[in-house]
Amino acid sequence: MGEKKDQMPFTRENYLLMLGGIALLVIGYLVMSADKTEFGFGFMGLTFGPILVFLAFMAPFVAIFFNKKKSKNQRDEMAMKKEAEKTNR
C-alpha cells in the first residue's frame, strides 16, 4: 500500500542478467550449429551446446529473483521514511 508507484520493478543488474542470458542463448545455439560431425552428434552439439542453452534459459529466473541486499544504513533510512509517512497521515 505504501509503495511508490513510479518505482521500477527491476534494477540495472536485473536487466544486465537478462541480457546475459540472451547472449548465452545465442552462443549456445551457435556452439550447437558449429559442431562439424555428422548431424551434430559430437561433444559440442550433444553436450556443451545444450548445457549452455539450459543455463541461458535459467538466467531469466535468476534475473527476476535477484535482489541486491541493502546496507544497514539504507534499511534504517527506509524505516525512518515509513515512520514519517505514518505520522504525517
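When reading the values below, keep in mind they use all heavy atoms of this one structure, side chains included, and skip hydrogens, waters and symmetry mates. Predicted model, so just to flag it, every value in this text is computed and none were measured.
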Rounded distance [0.5 Å steps], CG in Leu52 versus OG1 in Thr47: 11.0 Å

With sequence neighbours left out, write down each residue that passes side-chain contact (heavy atoms from CB on, under 4.5 Å) with Ala63, or none if nothing qualifies. Leu17, Met18

Treating Ile, Leu, Val, Met, Phe, Trp and Tyr as nodes and any side-chain heavy-atom pair under 4.5 angstrom as an edge, say whether Met32 and Ile51 lie in one connected cluster. no

Rounded to the nearest 0.5 Å, how far does CZ of Phe57 lie from CG of Leu24? 10.5 Å

The complete set of ring-ring contact (aromatic ring centres under 6.0 Å, His included) pairs with one or both residues in residues 13-53, sequence neighbours excluded, reads Phe10-Tyr15

Is Leu55 reachable from Ile27 through a run of I, L, V, M, F, W or Y residues, each pair having side-chain heavy atoms under 4.5 Å apart? yes

Can you tell me if Asn14 uses its side chain to pair, donor with acceptor, with the backbone of Thr11 under 3.5 Å? yes

Partners meeting side chain to side chain donor-acceptor pair (under 3.5 Å) with Ser33 (sequence neighbours left out): none

Minimal heavy-atom distance between Gly21 and Ala56, with the atoms involved, is O-CB, 3.4 Å

